[in-house]
Amino acid sequence: MADEQLKDTPEQAEFRQRARAWIEDNRPAEPPVRLPQTPLEIMTPEQMDYLQAWQKAAYDAGLVGCDYPEAVGGRGMTDCQRIANEEMMRARTPYFPNVIGLGMAAPTVFYHGQEALKERLLPRLFSGEDIWCQGFSEPGAGSDLASVQTFAERKGDKWVINGHKVWTSLAHFAEWMIILLRTDKSVKHDGLSYFVVPIRSALGNGVTVRPLIKMTGETGFNEVIFEDLEVDDSFRLDELGKGWQVAMTTLAHERGAGELVTPRSGGMVNKSSHSTSASALIKLAHATARNGGTAADDPLLRDRIMQQAIHEAGFAASQRRSRVPALLDHPMRLPLQNKLLMSEISQGTSGLAMDIEGAASSLYLGDANAPDGGQWPMAYMNSFGFTIAAGTSEVQRNILGERVLGMAKSK
Amino acid sequence: MADEQLKDTPEQAEFRQRARAWIEDNRPAEPPVRLPQTPLEIMTPEQMDYLQAWQKAAYDAGLVGCDYPEAVGGRGMTDCQRIANEEMMRARTPYFPNVIGLGMAAPTVFYHGQEALKERLLPRLFSGEDIWCQGFSEPGAGSDLASVQTFAERKGDKWVINGHKVWTSLAHFAEWMIILLRTDKSVKHDGLSYFVVPIRSALGNGVTVRPLIKMTGETGFNEVIFEDLEVDDSFRLDELGKGWQVAMTTLAHERGAGELVTPRSGGMVNKSSHSTSASALIKLAHATARNGGTAADDPLLRDRIMQQAIHEAGFAASQRRSRVPALLDHPMRLPLQNKLLMSEISQGTSGLAMDIEGAASSLYLGDANAPDGGQWPMAYMNSFGFTIAAGTSEVQRNILGERVLGMAKSK
Amino acid sequence: MTQPDDFGFTEEAALLKESARKFFSEHFSVDKLHTMVAADPTPERAPEVNWDAALWQQMVDLGWSLLAVPEEQGGVGMPLVGVAGLVEELGRAAFPCPLLSTLSASYVLAASGDGAHQALEEIAAGETAALAMVNASGSWSPADTSVSASGGRISGTAWYVQDAGKVSRLLVCARAGDKLGLYWVAADAAGVEITQDGIVDPTRDQAHIQFSDVEAVCVSEQAGEAFAAAMPAIWTLHAADMVGAGEWQLQTTVEYVNQRQQFDKPLGFFQAVKHPLVNVMIDIDEAKSLVYASACAVDCEPDKAAQYAHMAQASASDMAGFASSRSVQYHGGIGFTWECYVHLFFKRQKHSQMLWGDGPWHRARLAEILIDSAA
Amino acid sequence: MTQPDDFGFTEEAALLKESARKFFSEHFSVDKLHTMVAADPTPERAPEVNWDAALWQQMVDLGWSLLAVPEEQGGVGMPLVGVAGLVEELGRAAFPCPLLSTLSASYVLAASGDGAHQALEEIAAGETAALAMVNASGSWSPADTSVSASGGRISGTAWYVQDAGKVSRLLVCARAGDKLGLYWVAADAAGVEITQDGIVDPTRDQAHIQFSDVEAVCVSEQAGEAFAAAMPAIWTLHAADMVGAGEWQLQTTVEYVNQRQQFDKPLGFFQAVKHPLVNVMIDIDEAKSLVYASACAVDCEPDKAAQYAHMAQASASDMAGFASSRSVQYHGGIGFTWECYVHLFFKRQKHSQMLWGDGPWHRARLAEILIDSAA
C-alpha cells in the first residue's frame with residue numbers, strides 16, 4: 001500500500017481505486033505523431049486531435065474537474081483532483097491539451113462568472129472540446145500588465161473590442177479567450193475589465209490570429225488582432241472595472257498558488273518525446289565522448305549535473321513540504337516559488353546539456369547526428385519562454401520579496 | 001630596456017632613472033613589527049612610525065606629489081607620479097600610510113581650497129607628517145551620502161560643528177579630516193558644504209575619536225563625535241552649498257577615475273605579510289592535503305583558482321587598455337570599474353582560499369596550526385569592508401549602468 | 001519502503017520543534033549569545049569554551065540529548081525527522097552546546113551492535129559525547145583516522161573535534177591493524193590531552209586531541225559499517241543546523257533592509273538587495289525541504305538515505321556560505337562591526353559550511369550514486 | 001621579451017579596426033544579415049550556406065584575408081594585435097565569411113616551415129581555407145584527428161569544419177603512422193565529400209568532410225608543433241570574434257531597455273536589469289582586455305602566449321554564454337521571436353562558446369601551466 005493512501009479520506013480512497021483501475025484499462029495508445037515538449041507548442045491538428053481525444057476520455061471517466069460542482073460539469077467531490085492527478089502522473093498518461101483552459105480560465109470563470117455562463121462554458125472546457133487561450137499581454141503591456149490598451153467600448157448591451165494581444169499560445173486552436181480589456185482610459189488598474197470572448201467563431205470577422213515564430217523556428221504562439229469585435233455584456237466576468245482583481249485569480253492559479261487544484265496529466269514517454277530532467281542529463285553525459293572517456297567522467301560536469309539533480313529533488317521535496325503546515329512559516333512562501341523554480345531549473349538543465357554536448361550542441365533538429373535529435377538546444381531556447389512569459393523571473397522575485405518578505409514594492 | 005621606457009618623455013626618462021637609483025640605495029629595512037594587509041588597518045604607533053618614516057624619505061626624494069606645483073609642496077613635473085609609482089611598485093617598497101590624504105584629501109584640497117590653505121596643508125600631507133582621515137559616512141548616511149546630518153552652524157567667521165561620523169579609518173592617527181557637513185537643513189544636496197577640520201588638536205575639546213571593532217576583531221576604523229567644535233571659515237573648500245560637488249572630486253579620485261595620479265607605493269613582502277593574489281591561492285592549494293593528494297589536484301578547485309587568476313590578469317590588462325584610446329568606446333567605462341573589480345576579486349580570492357583550506361579555514365590568528373597564520377578568513381571578512389565602504393558594490397553597479405550605459409537612475 | 005508524503009512529521013515532532021523554539025526564545029536571546037561568546041574580540045585571543053552548562057542541563061532534563069538513543073537503551077528513539085526539527089531550532093539560536101555532537105555519536109553507537117549498549121545507556125543517563133575521527137588534513141572519511149588502537153589502548157591525534165571542551169565522553173575511530181574500531185573513552189581519562197583550537201567561530205569550540213596510550217572500551221570493530229549507516233543522519237542534522245542559522249540570517253537581514261532607509265526608500269525597495277535575499281530564501285527552502293526528505297529517508301527508506309543526505313548537506317552548505325555573505329553585505333557598515341550580531345552567525349555558518357564535507361564533496365559522493373550507478 | 005604597455009596597438013592597427021567597422025556598418029547592416037540568413041525558420045530546415053561572396057571579394061581586395069600571411073609569401077604579416085581588432089569588428093557584424101578560418105589556417109601554415117610556402121602564397125593570391133582536424137566527438141586536440149594519411153593520400157572524416165561551404169582549400173590534420181601531418185587540398189578535389197551540418201547558428205556554416213583516398217600535398221610532418229605554435233593566435237582571434245558579438249549584444253540590449261517602458265519607467269531603471277547588464281559589460285571588458293594582451297603576447301612574448309590565450313578564450317567563452325542569455329531575457333517576449341535580430345547573435349555566440357574549447361577546457365589547460373608548473 002503506497003503511503004499517500006494512508007492519508008486518503010474514504011471518499012478519496014475509493015476514488016483513487018476507481019481512477020487507477022480506469023487508467024490501467026484505458027491508457028491511450030502511442031501517438032501517431034511526434035508530440036512537442038509541452039502543450040503550449042502544439043502545432044498540428046494531428047497532435048491536437050490525439051490529445052483532445054485523451055482529455056475527453058479522462059473527463060468522461062471523471063478525472064477532470066472532480067472538485068467542481070456537478071452543475072458546471074464537475075463531479076462535486078472534495079479534494080479529489082489531487083488524487084486523479086497523482087494517478088495520471090504516476091501512470092505517465094499524455095498531457096492535456098487544454099492547459100490554459102484548465103489552469104487559468106476554469107477557476108477564473110468559476111469564481112467570477114455568472115451561473116449561466118459557467119454552465120455553458122465549463123463542461124466543454126473540462127472535456128477539452130473547447131480549447132482556450134489567454135489574452136493578457138500586449139506589445140506595450142508585458143511585465144506591466146496593468147497598462148493593457150486593448151479597448152472595449154460600450155454600445156448598449158454590447159461591447160466593441162479593438163486592439164492587439166501578443167504571445168497568445170494555442171490561439172490557433174482556441175474557441176475561447178479569457179481577456180483583459182480596458183473599459184476606462186482615465187484610470188490605470190481600475191479601468192480594466194475581464195471578459196471571455198469567442199475567438200474561433202469570429203475569425204475573419206473582427207478577429208485575426210496570426211502565428212508568431214519563436215527563436216527556435218517553431219510556431220505555437222500568436223498575435224491576435226481585434227477589429228470592432230462585438231461581444232455581449234454577459235461575457236463579462238465580475239463587475240466593470242474589476243478586471244485587475246479577476247486577473248489576480250487567474251495568475252494565482254497559473255502560479256499553482258490558487259485555491260483549486262488544476263487537473264494535470266502527463267509524463268508519457270514515447271519514442272519521440274524528450275525528458276529534460278537531470279536523469280536525462282546523466283544519460284546524455286554517459287553517451288557523450290570526452291577526453292578519452294565520457295562526459296560522465298568529467299568532474300566539473302559531474303558537479304554541475306548533481307547541482308541540477310539537487311535543485312530538482314529539492315523542488316519535489318518542497319512540494320511535499322508545502323503540505324506540512326508545521327514546517328511552514330508563511331503560507332505563500334513555497335507556492336509563489338513554483339513558477340520561478342520550474343523555469344530556472346528547466347533553463348539550467350537544458351543549458352548544462354549544451355555544455356555537456358560541447359561542439360555537438362551546434363547540431364539542430366534537421367541534423368541526423370545531433371545528440372537526442374537536437375532537442376537540447378531547442379529546449380534551452382524554449383526555456384526563455386518560461387523565464388519571460390507569465391511574469392518574468394524578475395517579476396517573480398519582486399512578488400516573493402514583496403509578498404513573502406514584506407519588502408517595499410520595486411516599482 | 002623595459003618597454004614602458006619606450007614611451008617616456010625625456011623628462012620622464014630622466015626622472016625614472018633617478019627614482020630607480022634612489023630606491024635601490026634607500027630601500028627601507030625589514031619592519032620591526034607585523035604590518036597589516038592594508039594601510040587602513042594600521043593599529044599601533046610602531047607600525048605607523050615605520051611607515052611614516054618611509055613616506056617622509058620618499059617625499060624628500062621627490063617621489064610623492066611629483067605632479068603638484070612646487071608652491072604646494074609638489075615637484076611641478078608632468079605625468080611623473082605614474083613613473084614614480086611604477087618604480088616603487090616594481091621595487092616592492094612598503095605602502096604609504098597616508099592613503100586617504102594622498103588619494104582623496106590632496107586632490108580635493110588642491111582643486112577646491114584657497115591658496116594659503118593648500119600651501120599650509122599639502123606639504124605635510126605629502127611628507128606623511130600629517131595623517132588624514134575622511135568624514136563622509138554617518139549612521140544615517142551610507143550609500144545615500146547626501147543625507148549627511150552633521151551640522152555646521154555659522155557664528156561670525158566661525159562654524160560650530162555637531163554630529164557623528166562613522167567608519168573613519170585612521171582617525172586615531174589623523175591630524176586632519178576632510179568632512180562633508182550640512183550647512184542648510186532646508187535642501188538636500190545643496191545644503192552641504194565641505195571643510196577640512198583639525199582633529200588631533202581638538203581631541204577632548206569638541207572631538208572624540210572612538211575606535212570601532214570590526215568583525216575580524218581588529219580596530220583601525222572609528223567613530224568621530226563632534227560637540228560644538230569651532231572651526232574657521234577659511235577651512236571651507238569651495239563655496240558654501242557646493243559640498244556635494246567637492247565630494248565628487250574626492251570620490252572620483254578614490255575610484256581611480258580622477259585627474260591626478262595618486263602617489264602609490266607597495267608590494268613589500270616580508271615574513272609576516274600576506275599576499276591575497278591568485279598565485280598565493282596556488283601556493284596554498286599545493287600546501288593543502290586533500291583526498292590523498294593536494295588541493296592543487298582537485299579539478300573543481302583548479303577551475304576556480306584559474307577563474308580568479310583570469311579575473312586578476314583581466315584587471316591588469318584592462319589597466320593597460322585604459323591607456324589605449326583606440327580600444328575604448330567610452331572614457332569612463334574602464335576607470336569606473338576599478339573599485340568594484342578590486343573589491344570583488346579580493347572577496348573571490350579570499351573566499352576561495354577558505355574553500356581550499358576546508359576544515360582548516362576554521363583556524364584563526366591565535367592558532368599555531370592555521371594555514372598562512374589564519375590570514376585567509378581574516379582577509380575574507382575584511383573584503384566586505386571593500387564591497388561596502390566607499391560606495392557599496394551595488395552603488396558601483398548603479399554608477400556604471402547610469403554613467404556608462406545611460407540607464408535611468410535607480411533611486 | 002517508500003516515504004510518506006508528509007515526511008512522517010507527526011504532531012509529536014511539531015510539538016518538539018515548537019517547544020524548542022520557545023525554549024530558545026525565552027532562555028537564550030541573541031544578546032545573551034553575544035555577551036557570552038563575544039566578550040573578547042582580539043583576533044589572537046586564547047581559545048575559550050563559552051557556554052551555559054546550566055541551561056544545557058535543562059535541555060538534558062527535557063530529554064533532548066537522548067532522543068537518538070534507542071528505547072532499549074533507555075532513550076527515546078525518536079524518528080530523525082523529529083530530531084531534525086529540534087536541531088533546526090538549535091541552529092536558529094546558535095546555541096553553544098554538545099547536542100549535535102551527542103546525537104551524532106548516538107547514531108554511530110546505535111549502528112554499532114551490542115558492544116555499544118553500555119555507551120548508549122550512559123548517554124541516556126545524561127552523559128555527552130563527541131566524535132573524534134578526523135585526521136590533520138581534515139578528511140571526512142573515518143578510514144583516514146590518524147588514531148591507532150592496540151590491545152584496548154589508543155594512541156594518536158584526532159583533529160577538528162567539535163564540542164570537545166563540553167563533553168564528558170569521546171567516541172574515537174581508531175585503526176587496529178586491518179580493522180577500523182570504535183572506542184569509548186572518558187574525556188578526562190589519563191593520557192587524553194585536549195587542546196582547544198583558536199577558531200574564528202565563537203559559537204563553537206573545536207579541539208585536537210592527543211591520545212597517549214589511553215585505555216578505551218572497544219565498542220565495535222566494524223567502525224566503517226557503523227559510520228556508513230550513521231552518516232546520513234549526521235549529515236542531515238548538520239544541514240538542519242545550517243538551515244536554522246540561515247533562517248536567522250534571512251529574517252534579521254530582511255528586517256534590517258526593510259527598516260533602514262537610504263535615498264528616502266527602505267533598502268528592500270532596491271532589487272539589488274531584494275532579489276539576492278529572495279535567492280537566499282529559495283536556497284534555504286531547498287535545503288530545508290531536502291533536510292526533511294533526507295530525515296524521512298533515514299526513517300523510512302534507508303536505501304535512499306545517503307543520496308538524500310548528500311543532497312541536503314550539499315544544498316545547506318552552499319546556502320550557508322551565500323546567506324552569510326549576503327547578511328553582512330546588506331547590513332552594510334554596521335554588519336561589518338563586532339557589536340552587530342550578524343558576525344556571530346556569519347562565523348558559525350562559514351564554519352558549518354566546511355564541517356562534514358562541503359558542497360562539492362557531497363556532490364562528488366552523490367555523483368558516485370547517481371551517475372556511476374547509471375553507467 | 002616583455003610586452004609593451006599599449007599592447008603594441010599601433011596607429012595602423014587602429015586604422016584597420018576603424019575601417020573594418022565602417023565597412024560593415026556601410027555594407028552589412030543587421031537587417032541585411034537577417035534577410036540573408038534567416039529566411040527559413042523551420043527547425044528541421046535543410047542546411048544552407050548563406051553568404052555574400054561579392055562582399056567577401058571586396059574584403060579580399062582590401063587585403064584582409066592575407067593579413068596573417070608572412071610578407072615573404074606575399075602577405076602582410078601584420079602583428080596579431082591588429083588582426084584582432086579587425087576580427088572584433090567582424091564578430092560585431094556577425095558577417096558570414098571565411099575570414100577567421102583563412103586566418104587560422106594561415107597561422108598554422110606559417111608555423112609549418114618551408115613546406116607551407118606554396119599554400120601561403122595561394123592564400124596571398126586570394127584563396128581561402130578551412131581547418132579540418134576535429135574528430136566525431138569534438139576533440140580540440142589535433143592528435144585526436146580521425147583522418148589518416150598514407151603515401152600522400154588522405155582518408156577518413158573530419159568533423160565540425162567551420163566555413164567548409166565557403167572555402168576553396170582545406171588544411172587537414174591527418175595521422176600517418178606515428179607522425180601527425182598537415183595536408184593541403186582543394187575543397188573540390190576528387191574524393192572530398194562535404195556534408196553540411198544542420199546547425200542552430202544561421203550565421204555560420206559547418207560541415208563534416210569525408211576524405212576517400214584523396215590526393216593531398218603534405219605541408220608538414222610535424223603538425224603537432226605547428227598547431228602548438230599557432231593555437232594561441234587562433235584562440236585569440238576566436239575570442240575577439242566573441243567579444244565583438246558580445247558588444248553588439250550589450251549595446252542592442254541596453255538600447256532596448258533604455259527605450260522600453262514598463263511601470264512608467266524604462267526597464268533600465270530596474271536594478272534587476274541594470275546590474276546584470278553591467279556584469280555583461282564587465283565580462284566583455286575582461287575578455288577584450290585579455291584578447292589584446294594575448295595578441296600582444298603572441299607578437300612580443302611567445303613564452304606567455306598560450307597562457308594569455310587560454311585566459312582570453314576562457315573569459316570570452318563564458319561571456320558569450322552569459323551575454324546571450326541576458327540579451328534574450330531582457331528583450332522579453334520580443335527577444336524570443338524569430339523576427340527580432342537578437343536570436344542571430346544568441347545562436348552565433350552559443351556556437352562560438354563551444355568552438356576551440358569552452359571555458360572549463362581552457363582553464364584546465366591554463367591550470368597545467370600555472371598550477372602544475374608551480375608544484
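This structure is a prediction, so every number in the text was calculated from the model and none was measured. Side chains are part of it too, since the values below use all heavy atoms of this structure and drop only hydrogens, waters and symmetry mates. Naming convention: chains lettered A, B, ... in sequence-line order (proteins, then strands); numbering from 1 in each chain.
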With a 4.5 angstrom heavy-atom cut-off, which part of [X] approaches chain C: side chain, backbone, both or neither?
X      : answer
B/M381 : both
B/L300 : side chain
B/S361 : both
B/Q347 : side chain

Below 4.5 Å from any heavy atom of chain B, which atoms of [X] appear? Answer side chain, backbone, both or neither.
X      : value
C/W356 : neither
C/F336 : both
C/S139 : neither
C/Q206 : side chain
C/D264 : both
C/T195 : neither

Do any N or O atoms from the side chain of [X] and from the backbone of [Y] form a donor-acceptor pair under 3.5 angstrom?
X      : Y      : result
B/R34  : B/Q47  : no
C/S137 : B/A289 : no
C/E255 : C/T252 : no
B/Q308 : B/L352 : no
B/K165 : B/F136 : yes

Quick one: are B/W244 and B/L145 in side-chain contact, heavy atoms under 4.5 Å?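 Answer yes - side chains close enough.
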Heavy-atom distance under 4.5 Å between the side chains of B/L400 and B/Q337, does that happen here?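 Yes, side chains in contact.
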Could you check which of [options] has the highest count of heavy-atom pairs closer than 4.5 Å to chain B?
options                        : answer
C/G357, C/A272, C/G333, C/P360 : C/G333
C/H331, C/K265, C/R260         : C/R260
C/V328, C/N135, C/V273         : C/V328

Please identify, among [options], the residue contributing the most non-hydrogen atom pairs under 4.5 Å to chain C.
options                        : result
B/S147, B/P377, B/S137, B/G142 : B/G142
B/L301, B/T387, B/T288, B/T392 : B/T387
B/A360, B/S362, B/P139         : B/S362
B/N382, B/N291, B/L212, B/N398 : B/N382
B/A389, B/S383, B/A141, B/G374 : B/A141

Just to verify, what does C/Y256 make a side chain to side chain donor-acceptor pair (under 3.5 Å) with, not counting sequence neighbours?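 C/Y256 satisfies side chain to side chain donor-acceptor pair (under 3.5 Å) with no residue once adjacent residues are dropped.
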So, C/R363 and C/D358, do they make that salt bridge, N to O below 4.0 Å?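 No, this pair does not count.
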Run the salt-bridge test on B/E344 and B/R397 with the 4.0 Å N-O cut-off and return the result as yes or no.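 A salt bridge links B/E344 with B/R397.
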Identify whether NZ of Lys or CZ of Arg in C/R365 sits under 6.0 Å from the centre of the six-membered ring of C/W361 and within 45° of that ring's axis.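 The answer is yes, since C/R365 meets both limits relative to C/W361.
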Can a donor-acceptor pair be found between the side chains of [X] and [Y] at a distance below 3.5 Å?
X      : Y      : value
C/S101 : C/Q162 : no
C/T42  : C/E44  : no
B/E394 : C/Q329 : yes

According to the interplanar angle, ranging from 0 to 90°, do the rings of C/F263 and C/F270 count as parallel (below 30°), tilted (30 to 60°) or perpendicular (above 60°)?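 Because their plane-to-plane angle is over 60°, the rings of C/F263 and C/F270 count as perpendicular.
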Report, in residue-number order, which members of residues 342-353 of chain C are under 4.5 Å from chain B by heavy-atom distance.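 C/H343, C/F346, C/K347, C/K350, C/H351, C/Q353 fall under the 4.5 Å cut-off.
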